[in-house]
There are 2 protein chains.
Amino acid sequence: MSQDDLPPAEPRRKDAAATRAAIVRAAREAFTRLGYDGAGVREIARAADVDTRLITRYFGSKEGLFAEVVDVAYEKSLMMTPELNAQAARALLMDPDSSAHDGLLLTLRSASNERAAAIMRDSIQRNYQRRLADALPGSDTVARSALLIAICSGVLLSRMVLGHTELNRPETEQLIPLLHAALDAVAAAPGTGQAAVAAAPAGETAGPSATA
Amino acid sequence: MSQDDLPPAEPRRKDAAATRAAIVRAAREAFTRLGYDGAGVREIARAADVDTRLITRYFGSKEGLFAEVVDVAYEKSLMMTPELNAQAARALLMDPDSSAHDGLLLTLRSASNERAAAIMRDSIQRNYQRRLADALPGSDTVARSALLIAICSGVLLSRMVLGHTELNRPETEQLIPLLHAALDAVAAAPGTGQAAVAAAPAGETAGPSATA
DNA sequence: GTTGCATGTCCACGAGTGAGGACATACGCT
DNA sequence: AGCGTATGTCCTCACTCGTGGACATGCAAC
């Protein structure tokens with residue numbers, strides 16, 4: 001439906017690198033949309049215009065392919081820092097699907113599967129949480145970064161995966177400052193009680209969707 | 001492994017009510033542990049010491065069984081009110097698995113499946129979110145209740161489903177006041193800027209796990 | 001006691017899965 | 001040019017899944 005517009009008339013024969021890339025691309029789309037269990041290797045292969053056999057040859061197994069997909073997905077994820085909480089809150093609540101949280105979204109749709117969860121837990125720690133923890137002020141940065149990621153995951157899960165309609169309506173915009181305050185409550189240095197809580201009188205800096 | 005200790009020597013023959021109950025009980029355990037896709041009807045039937053055929057006879061299909069399980073699971077969920085945010089924060093972060101958030105946990109593990117997600121979205125709105133919205137002060141109560149549920153879901157997802165080790169360590173206790181503040185930032189009436197943010201100097205009322 | 005229907009049991013079907021063996025082809029090196 | 005190997009293709013295997021048909025059994029009403 002959406003990936004038939006790869007290179008259209010180019011047969012791409014005997015090009016391992018291009019084949020690998022096409023598989024990873026199709027797999028990322030399929031895993032993000034359907035989850036680890038929901039996406040089948042046949043479907044991925046068809047979307048990538050590639051024989052099924054090549055998947056197991058190049059990546060060993062479906063699990064190996066998933067691990068590779070997860071790793072690259074987190075590299076384009078929106079980086080969260082205490083200064084970006086406002087933009088993060090807006091992006092989490094308003095962006096339609098956005099590539100900003102590809103990693104997290106991929107995570108959520110596949111969390112049910114135990115093997116997939118283990119792969120993603122590992123990748124989150126390597127690619128996401130370490131960076132976030134380094135950017136946080138104060139102490140307990142690892143734990144607090146994990147809590148921040150957890151909160152963001154929950155919002156994304158409710159909106160995108162569960163399809164909670166209450167978070168996809170016009171009033172959702174009112175929630176941005178609230179979510180911002182909630183994020184700041186965790187991200188701000190502990191002890192410095194002032195935080196930015198209850199800031200932003202609902203106007204909020206209407207930044208350009210912050211899909212960095 | 002864990003459900004062989006039902007009624008041991010009682011054949012329970014020709015008792016539809018007891019059979020239904022046993023199926024629901026086994027299904028709830030299986031769905032919560034493995035998710036909708038991960039749990040199979042054969043496995044559920046074996047755990048309930050019942051023939052597979054009875055599942056489709058009594059509940060129509062696996063989907064029908066799941067809907068029934070979801071409905072009953074949310075009735076024993078921890079009710080959240082602004083006054084209980086402290087206990088909720090503690091329960092979410094510290095309780096080992098607890099039956100307090102059976103509904104949410106069941107939700108998270110099955111969120112990948114689209115049909116299951118639809119069933120749960122419906123049940124959440126009926127059994128959980130309506131009640132929470134009524135208990136919230138201020139305006140936009142439905143949207144804010146959805147955001148609260150989202151945040152709680154994220155914490156539970158990271159801890160229980162994804163198995164994030166950073167949220168299952170001793171330092172996690174330090175996060176309780178932070179999560180409490182984050183919840184209050186959303187739950188407290190908007191406009192009244194004071195909230196309870198940055199309250200609780202890390203001591204926190206060590207309430208009894210709050211599994212109401 | 002006999003009949004009727006709900007309840008319980010056995011078994012099979014068709015579709016789906018991930019994986020891999022066996023063979024064909026074309027690119028790259030000598 | 002000729003060979004070798006990486007790459008691409010076809011087809012099958014072994015398995016699990018949800019569902020339902022066909023039959024056995026026991027409780028309950030008459």
Side-chain angles (χ1 to χ4, degrees), chain A residues 6-7 9-27 30-31 33-70 109-110 112-116 118-119, chain B residues 6-7 9-27 30-31 33-70 109-110 112-116 118-119:
Chain A
L6 303 177
E10 191 180 349
R12 196 197 65 246
R13 297 172 63 89
K14 303 278 179 181
D15 187 342
T19 300
R20 270 190 69 107
I23 293 176
V24 168
R25 196 151 36 110
F31 282 140
R33 189 165 43 90
L34 303 166
Y36 180 82
D37 288 324
V41 289
R42 284 172 177 82
E43 184 175 2
I44 294 174
R46 184 160 20 88
D49 198 38
V50 148
D51 192 278
T52 311
R53 190 66 172 82
L54 296 183
I55 290 184
T56 63
R57 239 218 285 280
Y58 284 155
F59 303 94
S61 64
K62 180 186 180 183
E63 205 173 310
L65 171 60
F66 182 74
E68 180 127 344
V69 168
V70 169
R109 278 243 162 72
S110 302
S112 3
N113 187 285
E114 206 166 342
R115 326 258 300 180
I119 293 174
Chain B
L6 302 177
E10 192 179 349
R12 197 195 66 244
R13 296 171 62 88
K14 303 277 178 180
D15 186 343
T19 301
R20 268 190 71 106
I23 293 176
V24 169
R25 194 152 33 113
F31 283 140
R33 188 165 44 90
L34 303 166
Y36 180 82
D37 288 324
V41 290
R42 286 173 174 81
E43 184 176 3
I44 293 174
R46 184 159 20 88
D49 197 38
V50 148
D51 192 276
T52 310
R53 190 65 173 81
L54 296 184
I55 291 184
T56 62
R57 238 216 291 274
Y58 285 155
F59 302 95
S61 66
K62 180 186 181 182
E63 205 175 309
L65 172 59
F66 183 74
E68 181 128 343
V69 168
V70 168
R109 277 240 163 74
S110 302
S112 4
N113 186 287
E114 206 166 343
R115 325 258 302 178
I119 293 174

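Proteins get letters first, then strands, A, B, ... in listed order; numbering begins at 1 in each.
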Does any part of the side chain of A:Ile44, heavy atoms only, come nearer than 4.5 Å to the side chain of A:Leu65, both counted from C-beta?
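Contact flag for A:Leu65/A:Ile44 side chains = yes.
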Which whole-number value in Å describes the distance from [X] [atom1] to [N] [atom2]?
| X | N | atom1 | atom2 | value |
| --- | --- | --- | --- | --- |
| A:Ile55 | C:dG18 | CD1 | P | 9 Å |
| B:Phe66 | D:dC17 | CZ | P | 17 Å |
| A:Leu34 | C:dT17 | CG | C1' | 15 Å |
| A:Asp37 | D:dC17 | CG | C1' | 13 Å |
| B:Leu54 | C:dC11 | CG | P | 16 Å |
| A:Asp15 | D:dT5 | CG | P | 21 Å |
| B:Arg20 | C:dG8 | CZ | C1' | 16 Å |
| B:Asn113 | C:dT17 | CG | C1' | 16 Å |

Does a nitrogen or oxygen in the side chain of A:Tyr58 sit under 4.0 Å from OP1 or OP2 of D:dA6?
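For A:Tyr58, the contact criterion (side-chain N or O under 4.0 Å from OP1 or OP2 of D:dA6) is not met.
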Here's a test for you: under salt bridge (charged side-chain N to carboxylate O under 4.0 Å, His left out), which of B:Arg25, B:Lys62, B:Arg20 qualifies with B:Glu68?
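That would be B:Arg20; it is the only one of B:Arg25, B:Lys62, B:Arg20 passing the salt bridge (charged side-chain N to carboxylate O under 4.0 Å, His left out) with B:Glu68.
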At what distance, to the nearest 0.5 angstrom, does CD of B:Glu114 lie from CZ of A:Arg109?
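Reported value, rounded in 0.5 Å steps: 7.5 Å.
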As an exercise, state the distance from CG of B:Asp51 to CD1 of B:Ile23, rounded to the nearest 0.5 Å.
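Those atoms lie 9.5 Å apart.
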Over all strands shown, is A:Ala45 touching base, sugar-phosphate only, or nothing at heavy-atom distances under 4.0 angstrom?
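The answer is nothing, as A:Ala45 stays clear of every strand by at least 4.0 Å.
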So what does A:Ala17 touch, heavy atoms closer than 4.0 Å: a base, only the sugar-phosphate, or nothing?
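A:Ala17: no heavy atom of the nucleic acid under 4.0 Å.
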Quick one: sort the A:Tyr36 and A:Phe31 rings into parallel, tilted or perpendicular, breaks at 30° and 60°.
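It falls in the parallel class, under 30°.
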Nearest heavy atoms of B:Ala22 and B:Ala48, plus distance in Å:
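Scanning both residues, the minimum pair turns out to be O-CB, 3.6 Å.
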Could you report the tightest heavy-atom contact between A:Ala116 and A:Ser110, atom names first, then the distance?
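Looks like CB-O, 3.7 Å.
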Atom pairs, N/O to N/O, protein against nucleotides 19-26 of chain D, distance under 3.5 Å?
unit_1, atom_1, unit_2, atom_2, d
D:dT19, OP2, B:Lys62, N, 2.8
D:dG20, N7, B:Arg53, NE, 3.1
D:dG21, N7, B:Arg53, NE, 3.3
D:dG21, N7, B:Arg53, NH2, 3.2
D:dG21, O6, B:Arg53, NE, 2.9
D:dT25, O2, B:Lys14, NZ, 2.7
D:dG26, OP1, B:Arg13, NH2, 3.4

